[in-house]
Amino acid sequence: MSITSSAGAPGLPTRWRAGAGRVVAGTALLTAVAFLPWLSGTDPALTVLRARSAEQDPTPAQLTAIREQLGLDEGPFVHLARWLDGLARGDAGTSWVSGEPVLPQVATAFAVSVTLMLGALLVTVAVATLICARTLHLGSRRRLRQGKAGAGAAVLAALPKFLLASLLATVCGVWLGWFPSQGWAGPQSMVLPALALGVPSGAMIGGLLDQSLPAAFHEPWAQTWRAFGLPPGRIARTALRRALSGVLPQLLPTVVALVGGAVAVEKIFNIPGLGRLALEAAIAQDLPPLQTATLALVLLGVCAGLLIQAVRRALLGPALRDGALPALHPPALPRPRSLPWVIGFCALTLLTLVVAGLLRDPLHVDTTARLLPPSFAHPLGTDPLGRDLLARLGHGALRTAGVALVVTAVSALLGLLIGMATQVGAGLTEVVSTLPAVLAGLLTTAVTGPSVWGAACAVCVVAWTPYAAQTAALLEQERASGHLLASISFGAGPTYLLRHHLLPAVLPALVRNALLRLPTTVLVLASLGFLGLGEQPPTPEWGRLLSENQPYGELAPWTVLAPATALVLLSVLAVSGTAAPGNRPRRRPDRRAGAGRPAAA
């Protein structure tokens, strides 16, 4: 779709382009998965044999027998063709490790993961509603006179899912006995993992929606409806419907991706989900279940993307088709007076921790000082090896923030570029959005080797999808606005439209989304490092501190409290910084006569 085209109902060529994007992306992903055993740099026969029997020193005869049994000498294309041929007959093959049929395993795991996803979706909606409740109440009554810094949403969004899962399992499952802390035996087993997954996701969605609502209440229709005395509830519902259309695509990469990406939570609660099955198959190089699980994730992403797109078009109504959408311009609301204090506190606390930590040795091991609580000698305590946590936190700050910022910036840029290719990019986004970052890490590091930049490339492979979905949604709305058509009628060219209409409509929301997701990037990088695919020990890094110390959270909570607090402070500082008065969105000026927006618009 070109820059100047309107966002009407898609015609046949557009649908063909979107379908072609889905087919090409799905085929490329399945082909890459089929190459995993041959790209890994290790003998697939050795990996499969050790997964079967934990044999440490297999004989050459055993390895030869495995290769002949699995046909590894025939190459990946033959295996992929056989698997596809069997799949057409309803047979996904048998596991290389267990020898059991693959399809029943994947179907059971898929049902568990989808059920867990629906529970997490309910929690997401509830948390997002609580975050937006104040703005909805005040905006519908024309009493929204002050903006929000978004610190509360940033705190919840920065909570590590696996750390929240451990806390809920310990407190609500073991100590209080309210819900099961292990297994998947019924509806009660879904409560705690759904909370662990849904609270950060709800904070993410709610934070984005809360920033869009003031612009919806600022539209002319809202002022007219208030003048006619329509009830506030109806105004609130209409504004929510208008703002939700731009945020709804975030459900695909944020919530639907939990089906394949909730590996850590599934491990903590011992849930036999699809993400866990895919990870175990990838580590064991068990190709048939890995390929089938990947296909299930691709189909889920495509179906969810089509459903979300249909709901979004229904929310916008005929105005999207007719090019009659009003532009969303956030009002210049004064920020809370406490905002400078929040920014100053977070910045000063982080700076103090980093400077104090840099003056200490992060690699010094003292086995007599293992898991010591905070004291004068060790202000943040020590880890299981007796290393000073303040030193490791300080030395890991620049590396953690630097790599995460680079990955976030690259992902946002990729998402912006792919999202601008609306129809072809939509299919690619749907396919990649459900791909677990761990699987992407296994595929990437098979080529690059385990390193911090290999892990960064793996995260970039999947992390662009939220930004692409957001860019495509906002661009579609902007193309359907009346002022864009007016600019075109005055002779504005594609370059002018891109600079003065399309990019200003997308970039502020995109930056806000990227900063909200910054702690998530840190944690994904840490999960790859924890699996040996990224940053290697003993390098100090915040996400790795969380991953390494998570098993000791109940015995020594300070080991995870310090890096978790640092992540929260970083998130609040980043989000609050964008809410500063100097960064408020402003109405775009039009200085070129005859090529800009008309005065009436």
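All values below were derived from every heavy atom in this structure, side-chain atoms included, with hydrogens, water molecules and symmetry-related copies excluded. All values reported here derive from a predicted model rather than from experimental measurement.
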Residue pairs passing the salt bridge (charged side-chain N to carboxylate O under 4.0 Å, His left out) test where at least one lies in residues 78-88, sequence neighbours excluded: E74-R82, D85-R89
Contact list for residues 426-442, test salt bridge (charged side-chain N to carboxylate O under 4.0 Å, His left out), sequence neighbours left out: R22-E430
Within a strict 4.5 Å, meaning less than it, do heavy atoms of the [X] and [Y] side chains meet?
{"X": "L84", "Y": "Q291", "result": "no"}
{"X": "S201", "Y": "K161", "result": "yes"}
{"X": "R312", "Y": "L316", "result": "yes"}
{"X": "V123", "Y": "L197", "result": "no"}

Rounded distance [0.5 Å steps], CD in Q285 versus CG in L70: 11.0 Å
Closest contact, heavy atoms only, V102 versus T94: CG2-C, 3.6 Å
If you look only at distance, which donor and acceptor atoms sit under 3.5 Å apart when one is on a side chain in residues 23-35 and the other is two or more places apart or in another chain?
residue	atom	partner	partner atom	Å
T27	OG1	V23	O	2.7
T31	OG1	T27	O	2.7

With [X] via side chain to side chain contact (heavy atoms under 4.5 Å, CB included) - residues at least two apart:
{"X": "T64", "answer": "R67, E68"}
{"X": "A282", "answer": "L36, L290, L439, L442"}
{"X": "L416", "answer": "M420, T471, L503, V506, L507, L510"}

Steps toward side chain to side chain donor-acceptor pair (under 3.5 Å) verdict (T254, R517): CA-CA 10 Å; T254 301; R517 294 181 182 275; 2.7 Å; yes
